[in-house]
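Okay, so here's the structure we're looking at.
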Amino acid sequence: MLMLVLSGMRTRWITFVGSFVALALGVGLIAATGLALAATFDAPERGPERFAAAPVVVRAAGHLRVDTPTGTRTKPLDHPGPVGPRTADRLAALGRTVADRTFPADVTAARTGPHTMAVRTGADAREPRTGPDVTVARTGADVGDPRTDAEKARTGADARKSRPGQDAEARVGHPWPVAAAAPYRLTSGRAPAAPGEVVVTTRPDGAPLRTGDRVLVRTPAGSAPRTVVGTVAGRGFEDAVFFTDDEAARISPDIDALVVHADATAVRRALGPDSGMDVLTGHDRRRADPDPDRDARALVSVNALLGTAAGITLFVSAAVVASTFSFAVAQRRREFGLLRTAGATPGQIRRTVWAEAVLVGVLASAAGVWLGAGAAPLLVGRMTEAGLAPPWFALGDASWPLHTAFWTGVFVATAGALVSCHRAGRTAPTEALREAAVDSRVMPASRWVAAVLVLLAGLGLPALALALDPGDLLGRKSYITRPMLLVVGFALLAPVLVRPVGRLLTWLPARLPGATGVLVRENTAAGVRRTAAVAAPVLITVALAATLTGTVATLEEARATEARTATTADFVATPGQEGRPLAPAFVERARAVEGAVVSVSRSTAVTVLEEDTALVTSEARAVDPARLAAVSELPVTAGRLSDLDDDAIVVNEEWLTTRVGDRVTVWLGDGRRASLRIAAVLATGTGDNGVYVTRRNAGGAGVDRIDVKVAEGGDRRAVAAALHSAGAATGTRVATKAEWLSANGPGPDDPTRTGLRMILGIALLCTATALANTLVMATSDRVRDLAVLRLAGATAPQVLRLVAAEAVVAVGVGAVLGGVVAAVNLLVVWGALVLLGVMSAVVVPWGTLGLVVAAAALLAAVSAVLPASLALRTRPVELAGARE
């Protein structure tokens, strides 16, 4: 048996090389993505940073804790409260205490000092926050977006757009006494001793700040020139400005954290069990650091992206390998017929094919693991360069992805050969006598049953979701996994669909002068298995490319449509630096603008306990109900927005309780519990229709957006001038409605689009390999047919044109079938949007589809022509007389 297997592989080495390359590439991609995926399971272990030298740190509880029948549930708070004065006085009796106050302190170069200072621009992603930020998702499904919440523009400001305040260096202010908690040490100068004096951090790659510089520092209390009297070396997690203790207290009266030089047990005893304060010691002190969960949060989207890439790679690789093995067995039916004539039993034929698959699987999987181990560092490096992963992301020492990839490859090879084994064993001895190359019985009953069942599932599940929960169809997992069933179903039916689709594509060429069009039509219909094997990988890639990019683009267009409809303001003001609240001075000046209706709002969050088991947090905006109607048209399905007050809440249809007048228990952004009456219900839409509350229920959130509507009879130019003047003075970005909508939309380098391009690149690579392998195998097996054409009078260029045309038609068949799959999926998305109340057009990614199909057609033509041109170098008489 072994000698027979080795002899067959040596004789048909082209077939097995093609299978080997396809499987090795698939295993390599799985290994590479698996190694990168393994590195996302554990964020870097960082110790305390901001309070590394503090013995005990007391701060308001950063997590909401709710007891339920199934246990205690926790959720991060959006805006933890401050440490109260009474608490600070009580702890001061135990030992020395140092108050930390954290506030924005943006530094701008001043020309009046003894030194000239070059200031970097943009906000540092590591700036500390007093609490987790709320993200307003405006860029579609979040496949492959590694930015932290603090880095996203919850205020609508896009990091890619220019804005006021870009000449200011975004820093954070603290009182000088708390610097020792890090610890910071003076590298030059002295500590600040009077108002107007500051100490700043420096870093090697930053602007050269030196003692004696005069700088303009903008804080919530306003802008004022200050003198740098000392510098400290930066510690990497923040760029700080230190003020005197009294001046910091004037700028930011609230105490964000308290360093206590006392025994932790005594501190806990003094506070009591229900104080709402966290007493942090040891490693737990990192919970008081700026954005302590930034690393873990950054890895969530990286994990999702790599998991999606690995899943699609596995799916495409399995389909490609199964198709390759199936075609290889179909090519060898005469060979199996001869073996049956010589006395081989069906079981022996099956074992031969299975043994070949195992041998190829083991060798190809080993080669793929080697390739994947070498490609993984390149993949990680490319992801960090493209911004899909944080700069510190690196491979770990996990080896299990390599083992998983190896055994997955072996399993895929053997599983892909099972159907082929069964078909090979059914080969009759009379197959050896066949000379015709026409495929017959290309669809056994078992394949019909499987295809029908898979297609029913692929169509039935979305239909059920449309009836029960249309919003579920807009999730990333749904629109990535949903096409798989339809792809498998159409791939199973490909042998039946090839003839009608092929005749449709060749209808016009067959009627043109010359025999090429007719031959292409007849050869496509006769070689159903060959055409189906070429069309299958194209079908998969076109379906995935159109579905993924089309769905994301359609959702983006739907969100843009919602935003255009909901926002009726003429101007929108947002902070110049991401994640910062608007300057109080700008808020005051905006409210004083004549001829304008000004709506001030805050980003916050509310949490509700659903079914007594899960805490669900919803993004919310705190608004002035009387002003909201003037600057927006929200999709209200029940109730009235005007009924919103301090005892009420506006929810959307995703909430379990949506009956107007009912009361719901919620926890606000600062952890307070409240029972609020439902005043109105909004349509679910694409998910951006959040919750609305009043300022009293904002949970400590600061103003981060102002919508301005020019009043009837007002002077638009005067309003715009006043707003821009106030914005320039306070570092606030003032945009027209159109500018704001554009800033909220995705750009060409949006992480979501970049991630999709990476996933589609992997699928296209698998498709390219499958096309090349299949066409080389098919063309090499047709040398006698080509020789007959030469003997019939065809010239070599004519034969090569015929071969290329057949390959392109096969690609066209796959593109048509893939387009049908994509059309069904995009119609499902459109139907879900309509049911959710969003009337938006379906966006078809014609450019992406054109590139994919053109690349596949070019590769197919080259892969078919090259082996054919090599074969035609031999005399046609010798080729026609050759036997297998």
Side-chain angles (χ1 to χ4, degrees), residues 15 17-30 309 311-331 364 368 409 412-413 416 419-420 483-495 497-498 501-502 505 524 527-548 759-779 806-822 848-849 851-864:
T15 298
V17 165
S19 303
F20 176 92
V21 172
L23 185 58
L25 178 62
V27 171
L29 291 172
I30 294 173
I312 289 180
T313 299
L314 179 60
F315 173 78
V316 175
S317 298
V320 165
V321 170
S323 176
T324 302
F325 273 106
S326 177
F327 180 61
V329 169
Q331 281 185 309
V412 166
V419 176
S420 302
M484 304 305 183
L485 288 175
L486 290 178
V487 167
V488 172
F490 273 82
L492 290 173
L493 285 177
L497 299 175
V498 160
V501 176
L505 295 178
T524 300
V528 170
R529 288 193 177 96
R530 179 181 68 248
T531 306
V534 174
V538 179
L539 185 160
I540 296 172
T541 305
V542 169
L544 290 178
T547 299
L548 294 182
I759 293 174
L760 293 178
I762 291 175
L764 189 59
L765 185 59
C766 294
T767 297
T769 304
L771 280 176
N773 289 339
T774 303
L775 285 166
V776 169
M777 292 162 51
T779 306
E806 291 178 5
V808 172
V809 168
V811 169
V813 171
V816 170
L817 297 179
V820 172
V821 172
T848 300
L849 291 181
L851 288 175
V852 170
V853 175
L858 178 61
L859 179 64
V862 172
S863 300

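The chain is numbered in sequence order, starting from 1. Note: hydrogens, waters and symmetry copies are ignored here, and every other heavy atom, side chains too, is used. Please read all numbers here as calculations on a predicted model, not as lab measurements.
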Suppose we screen for side chain to side chain contact (heavy atoms under 4.5 Å, CB included). Which residues come up paired with [X], at least two apart in sequence or across chains?
{"X": "V820", "result": "F490"}
{"X": "L29", "result": "L25, T313, I762, L765, C766"}
{"X": "A807", "result": "L775, A860, A864"}

Nearest heavy atoms of [X] and [Y], plus distance in Å:
{"X": "V811", "Y": "A857", "result": "CG1-N, 3.9 Å"}
{"X": "L760", "Y": "A545", "result": "CD2-CA, 3.5 Å"}
{"X": "V538", "Y": "A856", "result": "CG2-CB, 4.3 Å"}
{"X": "T524", "Y": "G502", "result": "CG2-CA, 4.3 Å"}
{"X": "A535", "Y": "A810", "result": "CB-O, 3.6 Å"}
{"X": "A543", "Y": "V821", "result": "CB-CG1, 3.8 Å"}

So which of V542, V501, L486, V487 actually passes side-chain contact (heavy atoms from CB on, under 4.5 Å) with L817?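 Option passing the side-chain contact (heavy atoms from CB on, under 4.5 Å) with L817: V501.
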